[in-house]
Amino acid sequence: MSHVTTERVRLRPRVLLTTEGTYPYVVGGVSAWCDLLVRSIREIDWHVLPIVAGRRRAPLYRIPPAVRLQPPIELWAETLAGARGPARADGHTDTLPRTLVESLIGWDGDLEALTAALTACRGHAPDVRRTFRSRRGWESFLAGLRTVTEEDVPEAGATPNLDLVEAATLYQILYWVARTAAAPTPPCDVLHVTAAGWAAIPAIVAKALHGTPLVLTEHGVYVREAYLAAARSGESPGTRFARTRLARGLARAAYAAADVVAPVTDANAFWEVGLGIDPAKIHVVYNGLSSPGAPQPPPRNGTVVSVGRIDPLKDVHTMLRVADEVLRRVPSARFEHYGPVTDGEETYGRSCLALHERLGLGDRFRFMGRTTDPEGVVRDADVVLMTSISEGLPIAILEAMAQARPVVSTGVGGVPDVVKGCGIVTRPGDVHALALAVCTLLRRPETARQLGMRGHRRVRRIFDETSCVEGYRDLLLAAARGVAQPEPAIAQVAA
């Protein structure tokens, strides 16, 4: 009998929260949402399993005493836990690389075969490394890759041929998929996955082994963001193919395993239905903030603030070009961007610095680094700017509205529904429209004030912290007790 059924009567269910490059090592956004849940839902014993790129670092959030932070799964590092367990002597795992490439990278990969392969990694962890270092493992991968590249799927477009370096890179990535699946997870009553990507891998295995209910929250649509990032990356066709197919394969597996999919915005839900999720699985729970107090007046010194990671999805290049155009029209304006470079995007970070220098922005646009006080930095702004090409329901925008600051943003994800009447929304990448919007609000402070106050009232009415927390409390406790999911707990955005 599984530990889920025997422990179903527990008064305090155990929830394993799996994160991917966020909590507790990055501040803001998804991390702030994770921190809100583990601090606020005290009827649950939380376990947090982070997946990070490279070596671990010190947490940037204070971990509540009742929360158990598991050793992180460290990708691209040879210290990954989970090397215990019996080895197989029958050579069956020699086919593991082929199964992974066919099921994850293939257009209609066999998800049952994928789940079985990932589960076998957990049961025979020592075999993973041996298999991927063996000639037979490499040959099985190449055989599977040939099968994938020879697929004839009209809607998938032409499949590029991968050169040796691209194939070897994909082989290494699949090795880390297997190593992630091999990492142990603690016993729990509910799995809460924070992205339909790498964070889903340990949860898929735990559900297969124990029948544990799985709740998936998508802040952004994982596969859509992978497509957008690849389109702007400048990488070779083979590399883009491998990365986008991997993201699609992981997302398909996460969706299939999830009992409940809880996007943070209706816009994500529409994408998820289009990607094949049963609408009956989808339960939207909007992000929320603590009820804001009376707002302080804006500084009216021409400060434009942006908060977010330095990442291609945030389109910092467009932000810099917007600043350049605004400064030609409003020379007294000043721009401040808060947020670190995303791990693995150091090249993009350097490109932002190079563009900053080429545009001659100097101190008029400053990269401020991380902040532990996002509300404070937004409070010091006259206008808050967001130039992302993909978002869910960004916390940074809600924080701006909570401080009664008008928002200029690209109309991605749930942003248009949230910002309407409280700011100005443009198409992604439209430098001229974004710059014109910023200039308009800087030159018309009374209009900016009115939009900011509308946003403040809207946050208080719809996007409050209590409704967000109650929505997840209901979902997780219902999953732990094995009962039907509750009706949506919060108002529609259109209200």
Side-chain angles (χ1 to χ4, degrees), residues 19-32 50-57 60 72-77 165-166 169-170 172-173 176 180 194-199 219-236 238-244 246-247 250-251 306-323 335-359 361 365-371 374 385-392 394-396 410 412-413 428-429:
T19 68
E20 179 177 334
T22 55
Y23 184 81
Y25 304 112
V26 175
V27 172
V30 176
S31 295
I51 299 177
V52 298
R55 302 284 182 177
R56 74 187 70 181
R57 66 209 74 177
L60 296 180
I73 297 176
E74 298 171 346
L75 305 179
W76 326 120
V165 172
E166 292 164 345
T169 300
L170 176 57
Q172 183 186 44
I173 292 171
W176 283 103
T180 302
T194 60
W198 290 81
H219 294 263
V221 179
Y222 193 87
V223 66
R224 177 179 181 271
E225 293 187 345
Y227 288 148
L228 289 169
R232 292 173 170 242
S233 68
E235 295 173 324
S236 67
T239 298
R240 292 200 302 270
F241 168 81
R243 292 188 184 281
T244 54
L246 175 68
L250 290 174
S306 54
V307 181
R309 294 172 288 112
I310 297 176
D311 184 286
L313 292 175
K314 303 301 182 183
D315 199 3
V316 180
H317 288 181
T318 288
M319 187 183 301
L320 290 164
R321 293 188 174 98
V322 169
F335 288 76
E336 296 177 351
H337 179 79
Y338 292 84
V341 177
T342 299
D343 287 340
E345 294 292 349
E346 290 77 14
T347 299
Y348 182 76
R350 289 191 292 271
S351 75
C352 293
L353 294 176
L355 179 58
H356 179 277
E357 183 175 358
R358 190 160 66 249
L359 294 173
L361 296 175
F365 187 114
R366 294 190 294 164
F367 289 104
M368 309 300 289
R370 329 179 162 266
T371 177
L385 174 64
M386 178 171 285
T387 57
S388 301
I389 60 173
S390 181
E391 288 286 352
I395 295 290
T410 47
V412 294

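What you see below is based on every heavy atom in this structure, not just the backbone, and it leaves out hydrogens, waters and symmetry mates.
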Looking at every non-hydrogen atom in both residues, tell me the closest pair between V223 and A251 and how far apart they are.
CB-CB, 4.3 Å
T318 side chain to R321 side chain, donor-acceptor N/O pair below 3.5 angstrom
no
Expected output: side-chain T410 to main-chain I389 donor-acceptor under 3.5 Å
no
Counting C-beta onward and ignoring hydrogens, is there a side-chain heavy-atom pair between V52 and W76 closer than 4.5 Å?
no
Do you know which two heavy atoms are closest between C352 and L320, and how far apart they sit?
O-CD1, 3.4 Å
Heavy-atom closest pair (E225 atom, G220 atom, distance to 0.1 Å) is OE2-CA, 3.6 Å
Checking E336 now: which residues fulfil salt bridge (charged side-chain N to carboxylate O under 4.0 Å, His left out) with it, not counting sequence neighbours?
R366
Correct closest heavy-atom pair for Y222 and G197 would be CZ-CA, 3.4 Å
Hey, what do you get for CZ (F367) to NE2 (H356), rounding to the nearest 0.5 Å?
6.0 Å
Residues R243, E235: salt bridge by 4.0 Å N-O rule
yes
What pair of heavy atoms forms the shortest contact from P428 to S388, and how long is it?
CB-O, 4.4 Å
Atom CG in L361, atom CZ in F335: separation rounded to 0.5 Å?
8.5 Å
For the side-chain contact (heavy atoms from CB on, under 4.5 Å) test, which of E391, K314, M319 pairs with M386?
E391
Students often mix this up, so state it plainly: with edges at 30° and 60°, are the rings of F365 and H337 parallel, tilted or perpendicular?
parallel
Mark yes or no for whether T387, through its side chain, and G429, through its backbone, hold a donor-acceptor pair below 3.5 Å.
no
Apply side-chain contact (heavy atoms from CB on, under 4.5 Å) to T169 and T239, showing your working.
CA-CA 9 Å; T169 300; T239 298; over 6 Å; no
Could you tell me whether a side-chain N or O of E345 sits under 3.5 Å from a main-chain N or O of D311, the two making a donor and an acceptor?
no
When you compare the side chain of R232 with that of D315, does any pair of heavy atoms fall below 4.5 Å?
yes
Counting distance only, does the side-chain N/O of S31 pair as donor-acceptor with the main-chain N or O of V26 below 3.5 Å?
yes
Check: E346 side chain, G344 main-chain N or O, donor-acceptor pair, under 3.5 Å:
yes
Closest contact, heavy atoms only, A199 versus E20
N-OE1, 3.0 Å
Can I51 and L75 be said to form a side-chain contact (heavy atoms from CB on, under 4.5 Å), step by step?
CA-CA 7 Å; I51 299 177; L75 305 179; 3.9 Å; yes
Is a side-chain N or O of R370 found less than 3.5 angstrom from the main chain of P340, in a donor-acceptor match?
no
Under 3.5 Å, side chain of Y348 to main-chain N/O of V316, donor-acceptor pair present?
yes
Gap separating the NE2 atom of H317 from the CG atom of L355, nearest 0.5 angstrom
5.5 Å
Intermediate values then yes/no, side-chain contact (heavy atoms from CB on, under 4.5 Å), W198 and L246:
CA-CA 10 Å; W198 290 81; L246 175 68; 4.3 Å; yes
The test is side-chain contact (heavy atoms from CB on, under 4.5 Å); show your working for V30 and T19 and say whether it passes.
CA-CA 9 Å; V30 176; T19 68; over 6 Å; no
